[in-house]
Trainee: 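Would you mind keeping the following structure in view while I ask a few things?
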Number of protein chains: 2
Amino acid sequence: MSFDDQLPPKIRLLRAAAELLANSEGSAVSTRQITKLAGVTAPTLYHHFGDKEGLFDAVVSAGFEEYVAGERDFAPSGEPLEDVRRMWDNHVQFGLSQPHLYLVMFGNIRPESRPAIVADAEALLEEMLNKAAIAGQINVPPREAARSILAANVGVTLMLIAEPVEERNLELSTMTRDSMVFAVSTETARGAAAEDSGKSSVVVAAIALNAALQASHSDQLSSSELKLFLEWLHRISSSS
Amino acid sequence: MSFDDQLPPKIRLLRAAAELLANSEGSAVSTRQITKLAGVTAPTLYHHFGDKEGLFDAVVSAGFEEYVAGERDFAPSGEPLEDVRRMWDNHVQFGLSQPHLYLVMFGNIRPESRPAIVADAEALLEEMLNKAAIAGQINVPPREAARSILAANVGVTLMLIAEPVEERNLELSTMTRDSMVFAVSTETARGAAAEDSGKSSVVVAAIALNAALQASHSDQLSSSELKLFLEWLHRISSSS
DNA sequence: CCACTTCATATAGCAACGCTATAGGTGCTA
DNA sequence: TAGCACCTATAGCGTTGCTATATGAAGTGG
């Protein structure tokens, strides 16, 4: 019951809270569960942490410090924007591996209780984007870029957490990540105009696809599939 | 005390909950406050709404319906991507004008209680992006684009809510918005210099055709042919 | 006109919650 | 040994979400 004896109660409380937060499936975690698992009584909790949220903040800080530490060890790949992408993935991974902790951190933030964690995460991203800026790789001030990317990162992570585990599609994350990094970077010639594709009917689209397919030798379909596919395309596109 | 007499209790509960949610500064809203303000007793609430979350969902739905209604009246500007931007701004505006409602909707979503609202918002965006796809303006399937944009939109809105009102900088929103729309659109010659220029036009054409086909119920193909055709289209358009 | 069901609301209260007033125990310093 | 912090426990307050049960009103079939 009191799982970890002879450690100081403060640490036992932290561990008990972390364990319950990590394992509780959606339902809230009560102070009574925590104190029971830690083998202490209620006043001990309030003596050390002030209130329930104080305990959770402490747990979150510990978890986040750990995550940030692993982040820093592993950061410099030479390509700052690649590092930004990896920080994004790490953020998502952190949220998915400890969803309840994550929701405590980012899901319930309000103006009057904005956790320092958000600022920390922002600073970490900004630091990396600063390197990219020095290398002339971004076209937006690093602070704004960091805030923007972090916001999108949080949104994606929350969406993924909200999805049933078996339906989670990490492509949402990589796609949004690349969109954000791309939009912020100077990697591309943004001003160049594309071909005018103003027409919008089925026929026009089918003709365009038909031409494009024949020109590019797509290997997504086998040759027999392609033949039938093109025949159908022809039927569609010749039906005005 | 019971502020709106002679209305049905169900509606009085909805209004009381909405008012308390809108005015409560961060602190939680209790069922007792709600029922007292509505002038009814507890079982009435549970008879009509099941539980507290059911009430909140109903309030949120009502508020969201209102927001969606104003959205639809005002939508077709002829330029789908511009409409997407305006939907983004409306989303942010909704979150900032009713932050507690918004947090109930998007801040606490968990796998087992994912509100239908998220799906609704996604569908609304997807509908608009579908128009863009038909016009050949996006290079990503509309559903994925909608999920991605919505995720970023939610993240930005939560970040803005978390900031003190006087520090709120809407530039975070416009910048992230434009980044997402830009990354998804074909407005630019993204791949022109890269190796995949031919393939990317196939992808764009396939996406446009897919959207157009589903919108127009073409009868050029039988339903079984259409099914297979769409599956191939999906394979082409989801190849990266 | 009366039983009968159905729906909607109220009385009263349970178990669990976050939290605290108060007191007792422990180890240190004088 | 006395005094003093510090830490922890006993016991319980007020509030929470929710419900077992009962009562009233409204319609329906005989």
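Letters A, B, ... mirror the listed sequences (proteins, then strands); counts begin at 1. Given the structure is predicted, the values throughout are model-derived calculations rather than measurements.
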Trainee: Measure the distance from CD on B:Glu53 to C1' on D:dC18 and round it to the nearest whole Å.
Mentor: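 Roughly 14 Å, once rounded to whole Å.
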
Trainee: Looking at B:Asp83 and B:Arg86, is there a salt bridge between them, counting it only when a charged N and a carboxylate O are closer than 4.0 Å?
Mentor: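 Yes, B:Arg86 and B:Asp83 are salt-bridged.
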
Trainee: Can you measure B:Arg32 atom CZ to C:dC14 atom P for me and round it to whole angstrom units?
Mentor: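 In whole Å, C:dC14 P and B:Arg32 CZ are 13 Å from each other.
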
Trainee: If only side-chain N and O atoms of A:Thr41 are considered, is one of them under 4.0 Å from the OP1 or OP2 phosphate oxygen of D:dA9?
Mentor: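 Yes, A:Thr41 has a side-chain N/O under 4.0 Å of OP1/OP2 on D:dA9.
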
Trainee: Taking NZ from A:Lys52 and P from D:dT16, how many angstroms apart are they, rounded to a whole number?
Mentor: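 My rounded result for the distance is 15 Å.
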
Trainee: Could you check how far OH of B:Tyr46 sits from C1' of C:dA8, rounded to whole Å?
Mentor: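 Rounded to the whole Å, the gap is 17 Å.
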
Trainee: If I take atom CG in residue B:Asp51 and atom C1' in nucleotide D:dT16, what distance separates them, rounded to the nearest angstrom?
Mentor: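 Roughly 14 Å, once rounded to whole Å.
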
Trainee: Would you say that B:Val154 contacts B:Leu158 through its side chain, given a criterion of any heavy-atom pair below 4.5 Å between the two side chains?
Mentor: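 Touching, per the 4.5 Å side-chain cut-off.
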
Trainee: For D:dC18, does OP1 or OP2 lie under 4.0 Å from any side-chain N or O of B:Thr31?
Mentor: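 The answer is no; no side-chain N or O of B:Thr31 sits under 4.0 Å from OP1 or OP2.
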
Trainee: Rounding to a whole Å, what distance do you find between B:Lys36:NZ and C:dT9:C1'?
Mentor: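 Interatomic distance, NZ of B:Lys36 to C1' of C:dT9: 19 Å.
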
Trainee: Apply side chain to side chain contact (heavy atoms under 4.5 Å, CB included) to B:Phe56 and B:Ile34, showing your working.
Mentor: CA-CA 11 Å; B:Phe56 283 0; B:Ile34 296 170; 3.9 Å; yes

Trainee: Between B:Gln33 and B:Gly50, name the one whose nearest nucleotide on DNA chain D is closer to the 5' end.
Mentor: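 First, find each residue's nearest nucleotide; the 5'-ward one identifies B:Gln33.
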
Trainee: In terms of the angle between their ring planes, are B:His91 and B:Tyr102 parallel, tilted or perpendicular, with boundaries placed at 30° and 60°?
Mentor: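 It falls in the perpendicular class, over 60°.
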
Trainee: Rounding to a whole Å, what distance do you find between A:Leu45:CG and D:dA9:P?
Mentor: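 Computing the A:Leu45:CG to D:dA9:P distance gives 12 Å.
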
Trainee: Can you check whether B:His48 has a side-chain N or O nearer than 4.0 Å to OP1 or OP2 of C:dC7?
Mentor: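 The answer is no; no side-chain N or O of B:His48 sits under 4.0 Å from OP1 or OP2.
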
Trainee: Judged by each residue's nearest nucleotide on DNA chain C, which is more toward the 5′ side, B:Lys10 or B:Ala42?
Mentor: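 Per heavy-atom nearest nucleotide, the more 5' residue is B:Lys10.
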
Trainee: Which part of the nucleic acid, if any, lies within reach of A:Ser30 when heavy atoms closer than 4.0 Å are counted: base, sugar-phosphate only, or nothing?
Mentor: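 Sugar-phosphate only.
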
Trainee: Could you tell me whether A:Glu126 and A:Arg143 have a side-chain N and a carboxylate O separated by less than 4.0 Å?
Mentor: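 Answer for the salt bridge query: yes.
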
Trainee: How many whole angstroms separate atom NE2 of A:His47 from atom C1' of C:dT20?
Mentor: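 Computing the A:His47:NE2 to C:dT20:C1' distance gives 14 Å.
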
